[in-house]
Protein chains: 2
Amino acid sequence: MTADPEKPPRTLAREARRLQVIEATIATLAARGHARTTLTEVARTAGISHGLVLFHFDSKEKLLAETLAFLAEEYQTHWQAALDGAGEDPADQILALIAVDFAPALTTQARLGAWCAFWGEAQSRPDYQTACGEKDASYVAKMETICAALIRQRSYPLDPVIAARILRVVIEGTWLDLMTLHTPYAVDEARRTVMTALALCFPRHFAQDGSRLRA
Amino acid sequence: MTADPEKPPRTLAREARRLQVIEATIATLAARGHARTTLTEVARTAGISHGLVLFHFDSKEKLLAETLAFLAEEYQTHWQAALDGAGEDPADQILALIAVDFAPALTTQARLGAWCAFWGEAQSRPDYQTACGEKDASYVAKMETICAALIRQRSYPLDPVIAARILRVVIEGTWLDLMTLHTPYAVDEARRTVMTALALCFPRHFAQDGSRLRA
DNA sequence: AATCTGATTGACAAGTCAGTCAATGGCGGG
DNA sequence: CCCGCCATTGACTGACTTGTCAATCAGATT
């Protein structure tokens, strides 16, 4: 009789509590922005005292750093898993990557909001840049590899680095639109935008609706 | 003998001082991020007391709001001027718009950094969204009009709204890359990326290096 | 049951920051 | 030359925030 399904126990295992605080931090960042995120607010969201937050994370700095690392790792885990399930065909691989970017589980309002908050601060904080920079680099590298394979397959007159960059910024850009635009469009519009960009880059592989074309 | 070219007078005309404070705010936002921007820091950057900042702007909120409005208006003024000088040809017009986005005067490290800081907070602050949202809307509308004209000219199978969005997010995305990337690429790389996107959207108008193609 | 360990709380200290205000200073108009 | 007005300063306040710490509490072990 260890688990009580209704009420969580007052004391929680170390890792469980840390995870809960990180989730609360993500929610707070999204709701109030980086500038107005306070330990007290995070604690209130998690339903605990603010002393406990510091007990588990030592300082606000470290809490934010760990939250960013958590987000970066979560994202990397997901896209690598998607890639593993996509097989060898680069066309399948890139569709899998894009699918991850619009998977509702990862693309929550809260998670995108937290990303935004970190982005805004990253330019003035080298620690943030290095934190997510390394994981980001492997994503970019993979994207470039896939684009290079597609280009080789059907001889597009295109630089794989540039193509990969275009696709990435279109994905990121539509995310940002969804977060910051005065009157945002639907998620499906965002996906359609990315698919169109994909078709423009690789017209012999994809139609603008994202469907595959045979050789 | 009103103007002393060497030392600015201790007291400054209302508008001149306000402008100076706004510039200092932009610099501070870029250097320290939104979360760590304080009135004292802004005042120090401007070389005045922090009481004077509040004398001119009433509150920190208003200072930031006016700074954002200033940036939005400055940007709008520039792209509209560029458009006025570009003539009737939509191909010229879109090249002019892109040229503005990479004009060194506007695309300062400080200005991009300040934009970043505001972006990061915008998602959790409706006031920021409306502030730049309206000006942004006219930019988007103009972009869509131009894209529609290009599409009509040479019958591309493309949605003008989508095309305009792709071009905009590629521009914004390369900006963000320059600001936040761990190891950023050169501004020229950014321009090349945008030009490639342009050529992919309108291949009968533009080559990938940005040069014009004749009908 | 007694004890031990580690999670948890809440009161507190120290520092910071936005905003206030009375006093000062310089500039232009009379 | 004097006066009034507005810009300017810098000390001050009150609120808030981060971080500390001693006391408490729950659960596991013996």
Side-chain angles (χ1 to χ4, degrees), chain A residues 1-25 28-29 31-68 117 121 124-125 127, chain B residues 1-25 28-29 31-68 117 121 124-125 127:
Chain A
M1 204 168 295
T2 50
D4 189 331
E6 292 311 319
K7 285 164 194 166
R10 199 183 78 106
T11 77
L12 228 56
R14 193 173 173 74
E15 274 315 302
R17 181 68 75 190
R18 286 172 62 88
L19 217 66
Q20 180 202 8
V21 173
I22 285 179
E23 288 292 345
T25 307
T28 307
L29 281 171
R32 321 224 326 157
H34 193 148
R36 294 185 300 180
T37 290
T38 67
L39 290 183
T40 309
E41 185 67 22
V42 170
R44 189 182 310 153
T45 304
I48 58 179
S49 73
H50 94 264
L52 189 52
V53 176
L54 283 163
F55 172 78
H56 282 291
F57 289 91
D58 292 348
S59 74
K60 186 185 180 185
E61 282 291 308
K62 287 185 188 168
L63 169 62
L64 290 174
E66 289 211 40
T67 302
L68 177 56
E121 294 288 306
S124 60
R125 306 182 69 147
D127 50 325
Chain B
M1 205 168 295
T2 50
D4 189 329
E6 290 313 316
K7 284 164 196 169
R10 197 183 80 105
T11 77
L12 226 57
R14 194 172 173 74
E15 275 314 303
R17 181 69 65 179
R18 287 172 61 88
L19 216 67
Q20 181 202 8
V21 173
I22 284 178
E23 287 293 345
T25 306
T28 307
L29 280 170
R32 322 225 322 158
H34 194 148
R36 293 185 300 181
T37 290
T38 67
L39 289 183
T40 308
E41 185 67 24
V42 170
R44 188 182 312 152
T45 305
I48 58 179
S49 72
H50 95 263
L52 188 52
V53 176
L54 284 164
F55 173 79
H56 281 291
F57 290 91
D58 292 348
S59 74
K60 187 185 181 186
E61 283 290 308
K62 287 185 187 170
L63 169 63
L64 291 174
E66 288 210 43
T67 303
L68 178 55
E121 292 289 306
S124 60
R125 306 184 68 150
D127 50 325

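Letters A, B, ... mirror the listed sequences (proteins, then strands); counts begin at 1.
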Check: For the residue pair L54(A) and S59(A), what are the closest heavy atoms and their distance?
Finding: CD2-CA, 3.6 Å
Margin query: Run the salt bridge (Lys or Arg N to Asp or Glu O under 4.0 Å) test against D58(A) and tell me which residues pass, sequence neighbours left out.
Written below: K62(A)
Checklist line | Whole-Å gap separating C1' (dC25(D)) and CZ (F55(A)) | finding: 13 Å
Notebook entry, point to check: Can you name the closest pair of heavy atoms from A46(B) and A24(B) and give their distance?
Noted result: CB-CB, 3.7 Å
Note to self: Tell me the interatomic distance from R36(B), atom CZ, to dT16(C), atom C1', rounded to whole angstroms.
What the structure shows: 15 Å
Next item on the list: For R44(A), enumerate each residue passing the side-chain hydrogen bond (donor to acceptor under 3.5 Å, both in side chains) test, keeping only those at least two apart in sequence or located in another chain.
Entry: E41(A)
Check: Hey, does I48(B) have a side-chain heavy atom less than 4.5 Å from the side chain of R17(B)?
Finding: yes
Where do N or O atoms of nucleotides 19-21 of chain D meet protein N or O atoms at under 3.5 Å, pair by pair?
unit_1	atom_1	unit_2	atom_2	d
dG19(D)	OP2	K60(A)	N	2.8
dG19(D)	N7	H50(A)	NE2	3.2
dG19(D)	O6	H50(A)	NE2	3.1

Next item on the list: Taking only the side-chain heavy atoms of T38(A) (C-beta and beyond), determine which of dA7(D), dT18(D), dA7(C) contains the nearest atom.
Entry: dT18(D)
Checklist line | d(CZ, R18(B); C1', dA7(D)) in whole Å | finding: 14 Å
Item checked: Distance, rounded to the nearest Å, where I48(B) contributes CD1 and dT9(D) contributes P -> 6 Å
Checklist line | Distance, rounded to the nearest Å, where R32(A) contributes CZ and dC16(D) contributes P | finding: 11 Å
Next item on the list: Rounded off to whole Å, could you give me the CZ-to-C1' distance for the F57(A) and dA7(C) pair?
Entry: 14 Å
Check: Which atom names give the shortest non-hydrogen contact between L63(A) and V21(A), and what distance separates them?
Finding: CD1-CG1, 3.9 Å
Notebook entry, point to check: Nearest to the side chain of T40(A), which nucleotide is it out of dA7(D), dT9(D), dT18(D)?
Noted result: dT18(D)
Margin query: Whole angstroms only, please: what is the CG-C1' distance between L52(A) and dA23(D)?
Written below: 15 Å
Item checked: Atom of H34(B), atom of E121(A) and distance for their closest heavy-atom approach -> N-OE2, 3.0 Å
Margin query: For dC6(D) and R17(B) - does any side-chain N or O of the residue sit under 4.0 Å from the phosphate oxygens OP1/OP2?
Written below: no
Next item on the list: Take atom CD of Q20(A) and atom P of dA7(C), then tell me their distance rounded to the nearest Å.
Entry: 14 Å
Margin query: Which nucleotide wins on minimum distance to the side chain of H56(B), given the candidates dC17(C), dA7(D), dG10(C)?
Written below: dA7(D)
